[in-house]
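Worksheet for the structure shown next.
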Amino acid sequence: MPEFKRFFKKSDVGRGLVAAFLGLAHPAFAADPKFVPVDVPMHIYDGGWEHFVGGGLAVLDCNGDARPDLVAAGGSNAPLVLRNVSEGAVAFEHVTASGVDMIGTTGAYPLDIDNDGLLDLVVMRVGSDAILRGRGDCTFEPMPFQFEDKWTTAFSATWEEGQTAPTLAFGHYVDRSDPDGPFEACDINHLWRPDGATYAVTELAPGYCALSMLFTDWARVGRADLRVSNDRHYYVREGEEQMWAMEPSPRLYTEEDGWARHKLWGMGIATRDLDRDGRDEVYLSSMGDQRLMRQVGDGPAFQDVPFEIGSAAHRPYTGADGRPSTGWHIAFGDVNNDGRDDAFIAKGNVQQMPGLAMEDPNNLLIAQENGTFAEAGDVAGVASMHRGRGAALVDFNGDGLLDLAVVNRRAPLEIWQNMSAGTGSWLSVAVTQDGGNTQAVGAWIEVDDGAAVQAREITVGGGHAGGVSGPQHFGLGNAETVRLRVRWPHGEWSEWEETGVNRGVTLRR
């Protein structure tokens, strides 16, 4: 494996979020983002206690028209495939006979598993999972993968060096075959690694009821390790968060490596370099407080940011319910294009848990000039009181503003168009390469907007039960031109290129 130098300075290692943000010269833009509901075909994620969790949303361009389409898990209902037909206004139409018709789905993630340039779907289920080949017209067909009867609630994928097929990680919740379950009956997880023309499947144990997984090159060395967020309190007394070092024989990072043990009712994972120091912050959703952490030192050590930053989102901010809040999917994105990444958190009670809020609105945390976050979910119009699960912040209509979609448990799917005024410049960056790994999973994009460099890794996984495959959106404030480059998976950096703003660009290897 080639060695890649970290692109942050040693002197930056201890820098805090607030201090870093204060150094970014971005002007203020629209203080109050505005989102407007979009009429969409009726869809509800439903089912018994096995579908208290899940409810993921996959975003992908399934017909090659450069508009992101949607696949929403259904639980006891069939999944919903929506074709994007936006022409100015955000709009979708139902795709019938899509081939995504199995019952018991918890979520789905898009990736090009067969390297034909068309995005496929990994579908997670209560039952046997499925991998469906994309046919290029928003219909899908089964691929010959054989899965055990499991309760799958987490997934991630990466391309390891020298492989043309992806490495796949499946996270399983409760072992449904355990006669003493469901309490303290968490199942083990599985790692599928390419082995010639097939896969070698190994166990990742112990398992603590994984609800999110993410392969990420957190150390910027060219190798993606696997972070796992677990529902530890409710089902396993000694459960905790995990990260697997993807060595020839995967091993868990320990305190000897610098890993700090921590426990939470983990639901989702999101990563983003918020302070532009060259290292991603990690945001974990949970029952109670949401944990935003930054890396400290050179090892896998992460510590909580100060509570005063405003990222904990631990109680409802509107309505009459003051009990602790329950977070699910976290999505980073710059909704007003001011050059600072904001965060959306889908919220909602598991079902009827009495110690937690029932009226639990989604969060839209807007990054401020001083490095803190301010709640705007209510003024933006996205403070839904439904039981939110999977979500996505994506520009559905190509106008340079990130729109929003949320799957709800026992309530209709919701989509909002971003209609914010007075926003900044933006850039949409797609990356692609020939041969294996056509979507360049594992690549790093850097965009220099004149204030500092924004860095973004191409990943598959994280969130809660669903994710996005498509161009990366960068808010640019008042920049008129930017420089950008990409470090290709297991390769070198491209040359810096200059481009204008308010457009989409594609970088090809």
Side-chain angles (χ1 to χ4, degrees), residues 1-24 156 158 204 208 212-230 232 239-264 266 268-286 289-312 330 332 341 343 367 371-373 442 444 446 452-457 459 461-462 487 493:
M1 178 176 66
E3 291 295 327
F4 298 104
K5 294 182 179 179
R6 298 173 184 262
F7 50 90
F8 57 85
K9 300 176 182 178
K10 289 284 186 178
S11 60
D12 290 336
V13 169
R15 188 171 63 174
L17 281 173
V18 173
F21 270 106
L22 287 173
L24 301 183
S156 189
T158 190
L204 297 178
Y208 296 131
S212 189
M213 289 178 154
L214 181 61
F215 280 112
T216 180
D217 183 9
W218 62 273
R220 308 293 204 271
V221 295
R223 185 189 78 189
D225 293 327
L226 181 65
R227 182 182 287 271
V228 185
S229 193
N230 297 301
R232 66 97 185 174
E240 62 182 303
E241 299 297 282
Q242 298 169 304
M243 190 157 68
W244 292 86
M246 289 300 294
E247 298 170 354
S249 295
R251 67 174 182 88
L252 280 170
Y253 282 107
T254 67
E255 292 166 286
E256 293 182 356
D257 300 303
W259 177 255
R261 297 185 64 189
H262 56 289
K263 303 180 178 184
L264 66 157
I269 304 170
T271 62
R272 187 63 57 90
D273 183 5
L274 298 174
D275 55 9
R276 303 201 197 181
D277 70 346
R279 302 195 289 186
D280 279 359
E281 280 67 50
V282 178
Y283 208 1
L284 303 175
S285 58
S286 175
D289 61 328
Q290 322 309 309
R291 295 188 67 171
L292 179 61
M293 302 186 297
R294 62 172 177 243
Q295 187 184 346
V296 293
D298 289 334
F302 294 81
Q303 69 179 22
D304 291 338
V305 303
F307 180 81
E308 291 76 15
I309 283 178
S311 57
I330 298 180
F332 283 118
D341 276 303
T372 65
F373 289 94
W444 283 91
E446 285 190 343
V453 172
Q454 297 189 54
R456 194 79 51 80
E457 184 182 12
T459 61
R487 192 192 78 187
W493 285 102

Legend entry - Heavy-atom donor-acceptor pair, Y283 side chain to S311 backbone, under 3.5 Å: yes
Legend entry - Over all atoms of both residues, closest heavy-atom pair of V228 and E241: O-OE1, 3.7 Å
Legend entry - salt bridge (charged side-chain N to carboxylate O under 4.0 Å, His left out) involving R272 - partner list, sequence neighbours excluded: D341
Legend entry - Within-4.5 Å side-chain heavy-atom neighbours: I269 and L284: yes
Legend entry - Residues forming a salt bridge (charged side-chain N to carboxylate O under 4.0 Å, His left out) with E457, sequence neighbours excluded: none
Legend entry - For G268 against S285, the heavy-atom pair lying closest together: N-OG, 2.7 Å
Legend entry - Pairwise distance OG1(T254) to CD(Q242) - rounded to 0.5 angstrom: 12.5 Å
Inset, instruction - Go through the steps to decide whether D280 and R220 satisfy the test side chain to side chain contact (heavy atoms under 4.5 Å, CB included), and finish with yes or no. - result: CA-CA 10 Å; D280 279 359; R220 308 293 204 271; 3.3 Å; yes
Inset, instruction - Write down the atom of G258, the atom of A301, and the distance for their closest heavy-atom approach. - result: O-CB, 3.2 Å
Legend entry - By salt bridge (charged side-chain N to carboxylate O under 4.0 Å, His left out) - contacts of R232 (at least two apart): none
Inset, instruction - Flag the pair F332 / E281 as yes when at least one side-chain heavy-atom distance between them is below 4.5 Å, and no otherwise. - result: no
Inset, instruction - Ignoring hydrogens and angles, tell me if any N or O in the side chain of S229 forms a donor-acceptor pair with the backbone of S212 under 3.5 Å. - result: no
Inset, instruction - Could you please spell out the steps behind the side chain to side chain contact (heavy atoms under 4.5 Å, CB included) verdict for R291 and D289? - result: CA-CA 6 Å; R291 295 188 67 171; D289 61 328; 4.0 Å; yes
Inset, instruction - With rounding to the nearest 0.5 Å, note down the distance linking CZ in R456 to CG in D273. - result: 9.5 Å
Inset, instruction - Using the test side-chain contact (heavy atoms from CB on, under 4.5 Å), find all partners of E247 that sit at least two apart in sequence or belong to another chain. - result: R223, A245, R251
Inset, instruction - Kindly write out the residues that satisfy ring-ring contact (aromatic ring centres under 6.0 Å, His included) with W259, not counting sequence neighbours, or none if the list is empty. - result: H262
Inset, instruction - Answer whether the closest heavy-atom distance between the side chains of Q303 and R294 falls below 4.5 Å. - result: yes
Inset, instruction - Please name the pair of heavy atoms, one in F302 and one in A260, separated by the smallest distance, quoted to 0.1 Å. - result: O-CB, 4.3 Å
Legend entry - Sole candidate of L214, T216, L204 that passes side chain to side chain contact (heavy atoms under 4.5 Å, CB included) when paired with L226: L204
Inset, instruction - Go through the structure and list residues passing ring-ring contact (aromatic ring centres under 6.0 Å, His included) with F215, not counting sequence neighbours. - result: none
Inset, instruction - Could you tell me which non-hydrogen atom of R276 sits nearest to which non-hydrogen atom of A452, and how far apart they are? - result: NH1-O, 2.9 Å
Inset, instruction - Measure the shortest side-chain to side-chain distance between D217 and R487 over non-hydrogen atoms and say whether it is less than 4.5 angstrom. - result: yes
Legend entry - Student check: side-chain heavy atoms of V282 and W218 closer than 4.5 Å: no
